[in-house]
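Down below is the structure, laid out as structure tokens.
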Amino acid sequence: VQLQASGGGLVQAGDSLRLSCAVSGGTFSRNIVGWFRQAPGKEREFVAAAGRNYIEYYAESVKGRFTLSRDNAKHMVNLQMNSLKPEDTAFYYCAVGIRAISSASRRYYMDIKSYDYWGQGTLVTVSS
């Protein structure tokens with residue numbers, strides 16, 4: 001399974017960006033998909049995820065501003081980011097989990113260890 005993330009850039013506070021992640025290989029429709037981010041000097045943190053049933057999960061810090069969408073036909077995962085803030089500045093990584101988990105909890109989707117494959121990261125910089 002390979003992931004290719006794109007869409008990062010430099011924007012001003014309040015602007016929007018759309019990140020995309022193309023996934024090749026594996027059985028995309030059966031996978032969980034997620035976005036994580038890592039700011040300089042900080043640990044990688046959960047941003048958003050979606051299960052096979054399209055139920056979405058978001059970190060509290062982005063809820064209401066970010067929207068994850070998955071397109072099973074195109075094997076794509078997108079992250080629409082609105083009302084960006086300087087604290088959103090980070091490398092953003094898309095990820096895929098291939099394990100068959102029934103009735104996974106929110107905690108499972110938020111856990112880095114639940115994901116098996118990662119994209120290369122795309123940098124989002126938000127200026128104040």
Distance-only side-chain donor-acceptor flag, [X] / [Y], under 3.5 Å:
{"X": "Arg106", "Y": "Tyr57", "value": "no"}
{"X": "Glu56", "Y": "Tyr54", "value": "no"}
{"X": "Asn78", "Y": "Gln80", "value": "no"}

Closest non-hydrogen atom pair, [X] against [Y]:
{"X": "Leu68", "Y": "Ala50", "answer": "CD2-CB, 3.4 Å"}
{"X": "Arg37", "Y": "Asp88", "answer": "NH1-OD1, 2.9 Å"}
{"X": "Leu3", "Y": "Cys21", "answer": "CD2-SG, 3.7 Å"}
{"X": "Leu17", "Y": "Gly7", "answer": "CD2-O, 3.6 Å"}
{"X": "Arg18", "Y": "Ser69", "answer": "NH2-OG, 4.2 Å"}
{"X": "Val47", "Y": "Tyr92", "answer": "CG2-CE2, 4.3 Å"}

Give a yes or no on whether [X] and [Y] share a hydrophobic cluster (residues Ile, Leu, Val, Met, Phe, Trp, Tyr; joining criterion: side-chain heavy atoms under 4.5 Å apart).
{"X": "Val1", "Y": "Val77", "value": "yes"}
{"X": "Ile98", "Y": "Ile112", "value": "no"}
{"X": "Ile55", "Y": "Val96", "value": "no"}
{"X": "Leu79", "Y": "Trp118", "value": "no"}
{"X": "Leu84", "Y": "Phe36", "value": "no"}

Under 3.5 Å, side chain of [X] to main-chain N/O of [Y], donor-acceptor pair present?
{"X": "Asp71", "Y": "Met76", "result": "no"}
{"X": "Ser127", "Y": "Pro86", "result": "no"}
{"X": "Tyr117", "Y": "Cys94", "result": "no"}
{"X": "Arg65", "Y": "Ser83", "result": "yes"}
{"X": "Arg99", "Y": "Asn31", "result": "no"}
{"X": "Asp111", "Y": "Tyr108", "result": "no"}
{"X": "Thr89", "Y": "Thr125", "result": "no"}
{"X": "Tyr115", "Y": "Tyr109", "result": "yes"}
{"X": "Gln120", "Y": "Ala5", "result": "yes"}
{"X": "Arg30", "Y": "Arg52", "result": "no"}

Taken in chain and number order and not counting sequence neighbours, the residues that satisfy salt bridge (Lys or Arg N to Asp or Glu O under 4.0 Å) with Lys85 are none
Lys74, NZ atom: more than 12 neighbouring heavy atoms under 6.0 Å: no
Has Gln38 got more than 12 heavy atoms of other residues, nucleotides or ligands less than 6.0 Å from its CD? yes
For the OG atom of Ser29 and the NE2 atom of His75, what is their distance to the nearest 0.5 Å? 6.5 Å
For Tyr93, does the six-membered ring have the charged nitrogen or CZ of Arg44 within the cation-pi criterion, i.e. under 6.0 angstrom from the centroid and within 45° of the normal? yes
Cation-aromatic face contact Arg107/Phe46, 6.0 Å, 45 degrees: no
Decide side-chain contact (heavy atoms from CB on, under 4.5 Å) for Phe91 and Thr122; before the verdict, give the C-alpha distance in whole Å, the side-chain angles of both, and the deciding distance to 0.1 Å. CA-CA 5 Å; Phe91 278 95; Thr122 183; over 6 Å; no
